[in-house]
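Report on the following structure.
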Amino acid sequence: MAAGRAPILTPRGDDFPRWYQDVLNKAELADNGPVRGTMVIRPYAYAIWERMVAEVDARIKAAGAENAYFPLFIPESYFQREAEHVEGFSPELAVVTVGGGKELEEPVVVRPTSETVIGEYMAKWVQSYRDLPLLLNQWANVVRWELRPRVFLRTSEFLWQEGHTAHATEDDAREYAEHILHSVYRDFMVEVLAIPVLVGAKIAQERFAGATNTLTCEAMMGDGKALQMGTSHELGQNFARAFDVGFLDEHGEQRICWTTSWGVSTRMMGGLIMAHGDDAGLRVPPRLAAVQAVVLVVRDEDGSVTAAAGELVDSLGRAGVRARLDARVETGFGRRATEWELKGVPLRIEVGPRDLAEGQVVVARRDDGAKVPVPVAELAARAPGLLEEVQAAMLADATERRDALTTVVDSVEEAAEVSATGFAVLPWRLLDDAAIDLLGRSAVTVRCLQTPDGELPGGAPADELVAVCARSY
RNA sequence: CGGGACGUGGCGCAGUCUGGGAGCGCACCGGCUUUGGGAGCCGGGGGUCGCGAGUUCGAAUCUCGCCGUCCCGACCA
């Protein structure tokens, strides 16, 4: 029956960007907004984003930071105070010049990031070494006018979390920036998103505007391209100086703080889609999924199947599984099965009269398509374990693919070639300006620097570091 | 912002070259038959042909301008 029918989605191998668009539409994730570069996040995608927020927020709080909220509008003059910051952000600022029908005396910028406003208030709040470290975070929307927008990956407005901290010493600031990268971002991405991200440091050219060091989590997408999934910056004393964030130390000496900032955004939705999606649609890892299991009533003559399915949903819920009932029997089974596959729900539990007669249900895994019968009485007890199996399998799949598409090379030419389809790892010492320029001609960039065993460079000697190169989103 | 392609019901497209009925598939609504992988048949509803000028008796079709989308390059979460 399916033979001869057009595929639901453009196959990934035919046209990856087109496939991505198809997933956004068919899985009802997002639409373009009316203003170029803006997006509408639809309920199913927003539910996933809320799960991301919950998981990341819990980790941020575990790292000791507290949530606060700073204004959307920032005086334009604030941006002028940090030279590199202005230079980096000027091209993508949205500036409001009229308010209440009148030309404003000083234009206000719609925040592209909040270092400047937060710096102003940190200066006010921090007086003593006893006030440090000051660990703040906010969940907010930000605006960066984009020339080439792509839903979730690069939009002019996006949702994110931005952490901002002030510390007494450089070491303390560095440790905290690293702690966030590892214990919040990498942990979340690997354990919840099931995406095996690389951690590393950005080269100077790729640093955040105003940072002294930018740490990154880099993921590989289904087409071998890289996606920066999150960054954590050491800002040195650049912003602290510009905004006069100072304190008296225990010896009564006036000193300047060391600050950090770090963020992850709705871009992770794009990463989720492109890292795990297949030709049948999205695949959501169970720990992330807003709907972990859908109980699908295959057909129902007298209401008894729906009743039994409802009980299964309840029992799954009691077992800690986020389950949902699909009893829309007026819609064909195949249609509904396809819909849930598009949406990537990890487990589909099929219940029909035949199953009930045999005291079983059929459990279909979204990750590998396997279908196994499970006795009704055992479903709730077995589902959590099965979800964990799916979670582990998805991480293993993604890791295997990333490793298969990663090649260690020892020349710039090879790096350019290999980066056409995946990641190239080569000695950092080979990458002088001319080499970086050469890679650039193939749209290849240095994603991050690592130690050979994949850790942050830290204090490792520069000539021992490796550079991970790839094309990127 | 440079190069390329494309804008026709919600989605995907034909029609444009060679001007004259706005059509097709899917989706949607109603009815009947169906229901273990995208249902079938019958009957319906829905479109300023991206926007604006121009040429013409007449423009989806020709001309110009603008906007948007996608791809490829320069920047970012």
Side-chain angles (χ1 to χ4, degrees), chain A residues 1-10 15-18 20-22 24-26 28 31-38 87-92 112-113 140-162 185 202 205-209 214 216-219 227-233 261-271 280-281 296-301 305 328-342 348 350-358 361-362 364 369 371 373 437 440-445 471-473:
Chain A
M1 189 185 293
R5 191 183 278 273
I8 297 170
L9 305 170
T10 302
D15 185 343
F16 197 81
R18 184 72 178 273
Y20 181 76
Q21 291 293 329
D22 284 352
L24 294 177
N25 291 325
K26 299 286 176 59
E28 302 179 331
D31 268 340
N32 283 312
V35 172
R36 177 181 163 79
T38 61
E87 197 188 322
F89 278 105
S90 290
E92 36 186 4
T113 180
N141 58 336
V142 284
V143 169
R144 298 178 186 181
W145 217 256
E146 285 294 345
L147 302 175
R148 195 181 154 193
R150 289 168 70 82
V151 172
F152 287 130
L153 300 173
R154 201 186 302 103
T155 47
S156 287
E157 179 192 6
F158 57 89
L159 305 184
W160 77 344
Q161 146 283 307
E162 51 178 322
Y185 296 161
K202 287 292 184 184
Q205 300 91 308
E206 305 259 342
R207 269 182 211 144
F208 175 77
T214 288
T216 179
C217 288
E218 296 283 328
L227 181 71
Q228 179 174 305
M229 298 272 289
T231 48
S232 183
H233 316 288
S261 69
W262 26 277
V264 291
S265 72
T266 37
R267 171 181 276 186
M268 291 193 295
M269 286 294 303
L296 195 157
V297 176
V298 176
R299 57 197 192 91
D300 195 0
E301 307 295 335
V305 183
R328 299 172 297 163
V329 287
E330 66 283 3
T331 301
F333 166 81
R335 158 63 62 95
R336 290 179 291 141
T338 304
E339 274 180 21
W340 292 113
E341 275 168 4
L342 276 166
R348 187 179 64 247
E350 303 172 0
V351 192
R354 248 159 43 202
D355 297 304
L356 290 184
E358 295 168 37
V361 295
V362 173
K371 281 189 180 188
D437 195 59
R441 278 196 274 278
S442 311
V444 174
T445 51
R471 294 180 304 147
S472 72
Y473 282 99

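None of these values were measured; they are calculated from a predicted model. Labels below follow one simple rule: chain letters A, B, ... track the order of the sequence lines, proteins then strands, and each chain is numbered from 1.
- Rounded to a whole angstrom, the distance from the P atom of B:G47 to that of B:U8 is 16 Å.
- For B:G36, the OP1/OP2 oxygens have no side-chain nitrogen or oxygen of A:Arg336 closer than 4.0 Å.
- Taking the P atoms as reference points, B:C70 lies 12 Å from B:G12, given to the whole Å.
- Pairing for B:C76 is absent, judged as Watson-Crick or G-U wobble with the two contacts each under 3.5 Å.
- By the side-chain hydrogen bond (donor to acceptor under 3.5 Å, both in side chains) test, A:Ser156 is found to be paired with no residue, residues two or more places apart in sequence or in another chain being considered.
- Taking atom CG of residue A:Asp31 and atom C1' of nucleotide B:C11, one finds them 11 Å apart after rounding to whole Å.
- Taking the six-membered ring where the residue is Trp, A:Tyr473 and A:Phe16 present tilted rings, their angle falling between 30° and 60°.
- The partner of B:G10 is B:C26, judged by Watson-Crick or G-U wobble contacts that both fall below 3.5 Å.
- Under 3.5 Å, the side chain of A:Lys371 and the base of B:G37 form at least one donor-acceptor pair of N or O atoms.
- In this structure, B:U16 makes no Watson-Crick or G-U wobble pair, since no nucleotide meets both defining distances under 3.5 angstrom.
- Using Watson-Crick or G-U wobble geometry with both donor-acceptor distances under 3.5 Å, B:G58 finds no partner in any strand shown.
- Note on residues 147-156 of chain A: no pairs pass salt bridge (charged side-chain N to carboxylate O under 4.0 Å, His left out), not counting sequence neighbours.
- Summary of the strand contacts: A:Asn25 and A:Ala364 both lie near RNA chain B, and taking for each the nucleotide with the nearest heavy atom, the more 5' one is attributed to A:Asn25.
- Rounded to an integer number of Å, the gap from CD1 of A:Ile8 to C1' of B:G37 is 10 Å.
- Between B:C57 and B:C13, the two C1' atoms lie 32 Å apart (nearest whole Å).
- When Watson-Crick and G-U wobble pairs are counted only if both distances are under 3.5 Å, B:G45 pairs with no nucleotide at all.
- Heavy atoms of A:Asp355 sit under 4.0 angstrom from at least one base atom.
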Strictly under 3.5 Å: I want the nitrogen or oxygen pairs between protein and nucleotides 3-8 of chain B, one per line.
none

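- If you take atom C1' in B:A5 and the same atom in B:G9, they sit 24 Å apart, rounded to whole Å.
- Nucleotide B:U35 forms no Watson-Crick or G-U wobble pair with any nucleotide shown, as no partner meets the under 3.5 Å limit on both distances.
- Note on A:Lys202: nothing from the nucleic acid sits closer than 4.0 angstrom, heavy atoms only.
- Between A:Arg348 and A:Glu341, at least one side-chain nitrogen of the basic residue sits less than 4.0 Å from a carboxylate oxygen of the acidic one, meeting the salt-bridge criterion.
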(message) Set out, in order, the CA-CA distance, both residues' side-chain angles and the distance that settles side chain to side chain contact (heavy atoms under 4.5 Å, CB included) for A:Phe208 and A:Thr231, then state yes or no.
(response) CA-CA 9 Å; A:Phe208 175 77; A:Thr231 48; over 6 Å; no
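- Put simply, the side chain of A:Asp31 does not reach to within 4.5 Å of the side chain of A:Leu24, judged on heavy atoms.
- A distance of about 11 Å separates the C1' atoms of B:U61 and B:G20, rounded to the whole Å.
- Residue A:Pro353 is classed as a base contact, given a heavy-atom separation below 4.0 Å to a base.
- For A:His233 and A:Ser261, the side-chain atoms include no donor-acceptor pair closer than 3.5 Å.
- In this structure, the salt bridge (Lys or Arg N to Asp or Glu O under 4.0 Å) partners of A:Glu218, at least two apart in sequence or on a different chain, are A:Lys202, A:Arg447.
- Salt-bridge annotation for A:Glu350 and A:Lys371: present, with a side-chain N of the basic residue lying under 4.0 Å from a carboxylate O of the acidic one.
- Here the C1' atom of nucleotide B:G37 and the CZ atom of A:Arg348 are 8 Å apart, to the nearest Å.
- With sequence neighbours excluded, no residue satisfies ring pair (Phe, Tyr, Trp, His ring centres under 6.0 Å) with A:Phe333.
- Remark: A:Arg328 does not engage A:Glu330 in a salt bridge, criterion side-chain N to carboxylate O under 4.0 Å.
- Taking atom C1' in both B:G10 and B:U18, one finds a spacing of 33 Å when rounded to whole Å.
- Nucleotides B:G7 and B:C51 have their P atoms positioned 14 Å apart, rounded to a whole Å.
- Nucleotide B:C51 forms a Watson-Crick or G-U wobble pair with B:G65, both donor-acceptor distances falling under 3.5 Å.
- Annotation: B:A53 and B:G31 have their P atoms spaced 45 Å apart (nearest Å).
- In this structure, CG of A:Asp300 is placed 15 Å from C1' of B:U34, rounded to the nearest angstrom.
- A:Arg267 CZ to A:Thr155 OG1: the interatomic distance, rounded to the nearest 0.5 Å, is 9.0 Å.
- Here B:G38 presents its C1' atom at 16 Å from CH2 of A:Trp340, a figure rounded to the nearest Å.
- In the interface, the side chain of A:Glu339 is not paired with the base of B:G38 through any donor and acceptor atom under 3.5 Å apart.
- In this structure, the CD atom of A:Glu341 is 14 Å from the C1' atom of B:G36, given to the nearest Å.
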(message) Walk along nucleotides 67-77 of chain B from 5' to 3' and tag each nucleotide B, S or - by protein heavy-atom contact under 4.0 Å, base first, then sugar-phosphate.
(response) -SSSSBBB-BB
